[in-house]
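Letters A, B, ... mirror the listed sequences (proteins, then strands); counts begin at 1. Just so we're clear, the structure is a prediction, and the values are computed from it rather than from any experiment. As a basis for the values below, the full set of heavy atoms in this structure was taken, side chains included, without hydrogen atoms, waters or symmetry mates.
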Protein chains: 2
Amino acid sequence: MVTNLKHKDALLTLQKAGISKTSQRLAVLNILLKATTPLSVNTIRQSLGTKANIDKVTIYRILSLFRQRGIIREIASVGGANYFEMATLENPLHPHFSCRNCGAFTCLAPLPFTQAPELILSKNDYSIDHIEINISGLCACCRNSTKTQKTMI
Amino acid sequence: MVTNLKHKDALLTLQKAGISKTSQRLAVLNILLKATTPLSVNTIRQSLGTKANIDKVTIYRILSLFRQRGIIREIASVGGANYFEMATLENPLHPHFSCRNCGAFTCLAPLPFTQAPELILSKNDYSIDHIEINISGLCACCRNSTKTQKTMI
DNA sequence: ATAATTGTTGCAACTCGGTTGCATTTTTGA
DNA sequence: TCAAAAATGCAACCGAGTTGCAACAATTAT
Ligand SMILES: [Mn+2]
Ligand SMILES: [Mn+2]
Ligand SMILES: [Zn+2]
Ligand SMILES: [Zn+2]
């Protein structure tokens with residue numbers, strides 16, 4: 001869903017977030033920028049290929065940093081692996097569809113909640129067996145103890 | 001959110017699903033029946049305690065069977081562990097809140113989509129940093145190949 | 001009643017996603 | 001250019017979940 005993005009966007013993203021630019025971070029960011037679906041770490045590693053042989057620990061650390069700075073979103077899956085996608089203004093928060101059979105993740109159009117029922121019913125090319133709505137953040141009892149980490153919806 | 005449930009409900013649930021009753025399945029089911037939040041496998045194991053020492057593999061197999069038969073729902077989390085809750089008529093599909101700090105899962109009230117924005121804004125005892133809406137099922141290409149497994153929303 | 005079959009459990013070993021500690025390399029900034 | 005700080009790579013580790021197989025329990029056939 002992220003379109004019309006050029007190579008220079010990766011550098012801009014990093015320096016706007018106040019993150020030092022390294023070849024590894026730029027490589028990972030470029031893959032996320034041109035992706036049209038959320039990516040797992042394994043997919044990112046495969047996309048990097050042998051040309052840029054980045055250690056998996058480095059990838060996890062980069063993704064963790066990007067998520068903390070609000071550059072990317074992290075999406076959970078019942079399969080255990082997490083998925084990542086850009087969290088830009090052009091790519092606002094939206095539902096996802098994951099196939100029970102092949103595990104493929106696809107992005108659904110962002111929509112106001114009031115339009116949700118119609119969208120779900122109109123998606124007759126999917127067979128829906130589970131709708132998951134998870135809201136995460138800080139609960140009341142934890143809110144007072146931790147005063148760090150800004151909200152990044 | 002499951003209330004007014006007695007010991008006999010576990011047996012009824014099993015025989016209604018056409019599943020043979022064993023002491024292990026009844027023990028796991030009773031824990032899920034009296035739970036007020038989604039439970040992880042570890043929490044279930046701790047609840048079972050030493051009185052009914054069930055192997056973790058057995059618990060996973062029981063939960064997998066229950067999910068296939070539509071007895072329980074499975075909820076993904078970014079932490080890696082999955083959570084389980086009853087999927088009864090009295091406990092319809094609903095959003096969940098998971099705390100970024102302590103990881104606690106709580107059930108939110110089931111609601112039509114049109115009421116979602118108000119609910120989220122009214123929940124000022126939580127600090128929301130992520131709303132996740134995941135729809136899972138079969139994609140178009142997989143729908144034709146696999147004709148098994150009924151829908152269990 | 002007994003034997004054969006089927007289904008369920010337990011144990012061990014394993015896979016896979018992700019993390020931690022530490023030494024080495026790279027980036028930054030004076 | 002050079003030192004301090006940050007980032008990477010490697011190895012070893014951890015936790016969630018799975019697989020294979022033997023032991024056990026419950027059904028069914030003889
Ligand atoms: Mn998406
Ligand atoms: Mn719930
Ligand atoms: Zn598919
Ligand atoms: Zn909390």
Q. Among all residues two or more places apart in sequence or in another chain, which pass the side chain to side chain contact (heavy atoms under 4.5 Å, CB included) test with A:Leu65?
A. A:Ile19, A:Arg25, A:Arg69
Q: Applying side chain to side chain contact (heavy atoms under 4.5 Å, CB included), name anything that partners B:Val41, two or more places apart in sequence or on another chain.
A: B:Arg45, B:Ile59, B:Tyr60, B:Leu63, B:Phe84
Q | side chain to side chain contact (heavy atoms under 4.5 Å, CB included) against A:Leu12, all qualifying residues, sequence neighbours excluded | A | A:Asp9, A:Gln15
Q: Hydrophobic side-chain clustering at under 4.5 Å (ILVMFWY, transitive links): who's grouped with B:Ile75? Put none if nobody.
A: B:Tyr83, B:Phe105
Q) Can you give the first and last nucleotides of DNA chain D, 5' to 3', that have an atom under 4.0 Å from a heavy atom of chain A? A) D:dA7 to D:dA11
Q) Among all residues two or more places apart in sequence or in another chain, which pass the salt bridge (Lys or Arg N to Asp or Glu O under 4.0 Å) test with A:Glu85? A) A:Arg73
Q | Contact pattern, 5' to 3', of nucleotides 17-30 of chain C - B, S or - by protein heavy atom under 4.0 Å | A | SBBBB------S--
**Q.** All side-chain hydrogen bond (donor to acceptor under 3.5 Å, both in side chains) counterparts of B:Gln24, not counting sequence neighbours
**A.** none
**Q.** Contacts of B:Ser47 that satisfy side chain to side chain contact (heavy atoms under 4.5 Å, CB included) - sequence neighbours left out
**A.** B:Ile31, B:Thr43
